[in-house]
Amino acid sequence: MIDLNDLLGQVWPMAAQPAIPTESVGLNQALGRVLAQDVRSTLNVPQHDNSGMDGYAVRCADIQPSRRFQVSQRVPAGASPQALQPDTVARIFTGAPIPPGADSVVMQEEVVVNEDGSVTFSASPKSGQWIRRAGEDISCGQVVLSQGTRLDAIHVGLLASIGVPTVSVNRRLKVGVMVTGSELQSPGKLLQPGQIYNSNEYVWCGLLEAMHADVRSVGIVPDNFEATCAALESLADCDAVISSGGVSVGEEDHVKPAIEKVGQLRSWKVAMKPGKPIAFGHINRQDGGQSWFFGLPGNPVSSAVAFQLIVKPFLSLLEGQGLAEVDWRLRVRKVQAAFSWPSPDSRREEFLRADVQSDKATLFKNQSSGVLTSLARSSGLIRLAKGQVVHPGDWVEYVSYQDLMQ
């Protein structure tokens, strides 16, 4: 068996080739897309010194406690103020430009407005107080977002704040999905003896759509060689294809010979539980290119865990994200076990479904690879080394589903 870390070291670097084509999209279409190049600001943010408070813009040297000052101008946000006249102050509002000659803002709560409209200050202000300096957030020429960033709502807002209307992004990944097995039935149809409902397709499609991939599913593929070849060939124009089941060497396992007919395949028994059998390879395309292929276990927990730990990071790398952004191992943290694990697997590292609250981890009772509720009712995975015994109070490694999907 191959260790998981060794498998990742072999598979993930393959995602560097070939490069995904780029396209320009407007900000309303940019959410979830991966930047194809750095974005630099062409302006300062803020563009000018501005007030951080509603109050009065003053020249500190003029201010003396109890002295009355006339208000020479009113400066709302968006105005273009005049220079501050000697021995006067300016009424100013949050976000408004600081008048030339002013060097401080006094908040209105600290100012007395007299009956004649003049104002009085109770104390001498400090130079620079309540002034937001030009460029203190973003300076002109600064890289605001780096190539490989997957854009979230805050990123899109940041781009809008520097006046960027369109961005260059990598094309959405095209990912094909197929599930093999004559025992599978679609939800909504009556189960026949020996059949089970197809769930892997829906888990994968949901996870892929959360990545903003362009998903194409051919659904259930029966257990025969011709149907398997036809399904693979119909998905060959995708960037990647994911299949479940059929990657072993049994008489009804047709994925391996089908891939070998239309491309190349490597198979491993991975030293991880769940998720032991994994296949990786490619399908040849008519244009001379290739579509990456992953064959995952048929058990729903095994396939979901393998997808999140192996396939999802590969797809993110393929789309242009950097390794530091997709390597879930960098986001593993320590939590305290509120459970015991007295009989570990001595040959495979284990990923236990657990719920973590306040850094205390409790296990879902049934850790079988066929129990999908163990994923639905947990918050992440406890990672145990081969043969690792756990006693209550021990500190163990944990990665949340939220971190896995970043």
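Residue numbers count from 1 along this sequence.
Between D152 and H155, the side chains place a donor N or O and an acceptor N or O closer than 3.5 Å (distance only, hydrogens not considered). Between the side chains of D403 and Q406, at least one donor N or O sits under 3.5 Å from an acceptor N or O. For the 3.5 Å distance criterion, the side chains of R329 and N5 qualify, holding a donor opposite an acceptor. Side-chain contact, S217 with E201: a donor N or O sits under 3.5 Å from an acceptor N or O. Side-chain contact of N200 with S303: a donor-acceptor pair under 3.5 Å is present, judged by distance alone. In this structure, a donor-acceptor pair under 3.5 Å is absent between the side chains of N366 and S374. A donor-acceptor pair shorter than 3.5 Å can be found between the side chains of T94 and D54.
In terms of the salt bridge (Lys or Arg N to Asp or Glu O under 4.0 Å) criterion, R91 has no residue partners (sequence neighbours excluded). Legend: residues meeting side chain to side chain contact (heavy atoms under 4.5 Å, CB included) with E325, ordered by chain and number and at least two apart, are Q321. Residues passing the ring pair (Phe, Tyr, Trp, His ring centres under 6.0 Å) test with W341: none are found, sequence neighbours excluded. With sequence neighbours left out, K386 forms a salt bridge (Lys or Arg N to Asp or Glu O under 4.0 Å) with D3. Here Q367 pairs with R353 under the side chain to side chain donor-acceptor pair (under 3.5 Å) rule; sequence neighbours left out.
Contact detail for S41 and I138: the closest heavy-atom pair is CB-CG2, 3.6 Å.
Between the side chain of W328 and the backbone N or O of V399, no donor-acceptor pair lies under 3.5 Å. Of the possible polar contacts, one joining the S291 side chain to the C238 backbone as a donor-acceptor pair under 3.5 Å is found.
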Any chance you could lay out the side chain to side chain contact (heavy atoms under 4.5 Å, CB included) test for Q10 and W268, step after step, and finish with the verdict? CA-CA 11 Å; Q10 292 185 39; W268 296 277; 3.8 Å; yes
Let me see the working for V218 and V177 under side chain to side chain contact (heavy atoms under 4.5 Å, CB included), right down to the final yes or no. CA-CA 6 Å; V218 297; V177 171; over 6 Å; no
Please walk me through it: do L27 and T166 pass side chain to side chain contact (heavy atoms under 4.5 Å, CB included)? CA-CA 6 Å; L27 293 189; T166 61; over 6 Å; no
In sequence, state the C-alpha distance, the side-chain angles, and the governing distance for D345 and K276, and then conclude on salt bridge (Lys or Arg N to Asp or Glu O under 4.0 Å). CA-CA 13 Å; D345 192 311; K276 180 179 176 182; over 6 Å; no
Candidate pair L330 and L323, rule side chain to side chain contact (heavy atoms under 4.5 Å, CB included), full reasoning: CA-CA 10 Å; L330 302 177; L323 183 60; over 6 Å; no
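Screening residues 304-320 for salt bridge (charged side-chain N to carboxylate O under 4.0 Å, His left out) gives R150-E319 as the qualifying pairs, with residues at least two apart or on separate chains.
Ion pairing between K174 and D239 fails under the 4.0 Å rule for side-chain N and carboxylate O. Salt-bridge formation is not detected for the pair E397/R333: no Lys NZ or Arg NE/NH1/NH2 atom is positioned less than 4.0 Å from an Asp or Glu carboxylate oxygen. Between R132 and E136 no salt bridge is recorded (no basic side-chain N to carboxylate O distance below 4.0 Å).
In this structure, R383 and L4 have side chains that are in contact, with non-hydrogen atoms separated by less than 4.5 Å. A 4.5 Å side-chain heavy-atom check between I196 and Q185 finds every atom pair outside the cut-off. Here the side chains of F93 and S51 are not in contact, with every heavy-atom distance at 4.5 Å or above. Between E110 and F121, the closest side-chain pair of non-hydrogen atoms is not below 4.5 Å. Contact annotation: the side chain of L232 approaches that of M178 to within less than 4.5 Å [non-hydrogen atoms, C-beta and beyond]. Side-chain contact check for R266 versus I278: every heavy-atom pair is 4.5 Å or farther apart. Looking at K126 and C60, their side chains never come closer than 4.5 Å, going by heavy atoms from C-beta outward. In this structure, S168 and E23 have side chains that are not in contact, with every pair of non-hydrogen atoms separated by 4.5 Å or more.
Rounded to the nearest 0.5 angstrom, S400 OG and L381 CG are separated by 9.0 Å. Between atom CD1 of residue I242 and atom CZ of residue F307 there is a gap of 4.5 Å, rounded to the nearest 0.5 Å. Between L352 atom CG and E349 atom CD the span is 11.0 Å, to the nearest 0.5 Å. To the nearest 0.5 Å, atom CZ of residue F351 and atom NZ of residue K273 are 13.0 Å apart. In this structure, K334 NZ and D359 CG are separated by 12.5 Å, a value rounded to the nearest 0.5 Å. Going from atom OG1 of T22 over to atom CZ of R171 covers 10.5 Å, rounded to the nearest 0.5 Å.
For Y56 and F69, the gap between ring centers reaches or exceeds 6.0 Å. For an aromatic pair to be called close, the ring centres must be under 6.0 Å apart, and F314 with F294 satisfies this.
The neighbour count for Q286 CD, taken as heavy atoms of other residues, nucleotides or ligands under 6.0 Å away, does not exceed 12.
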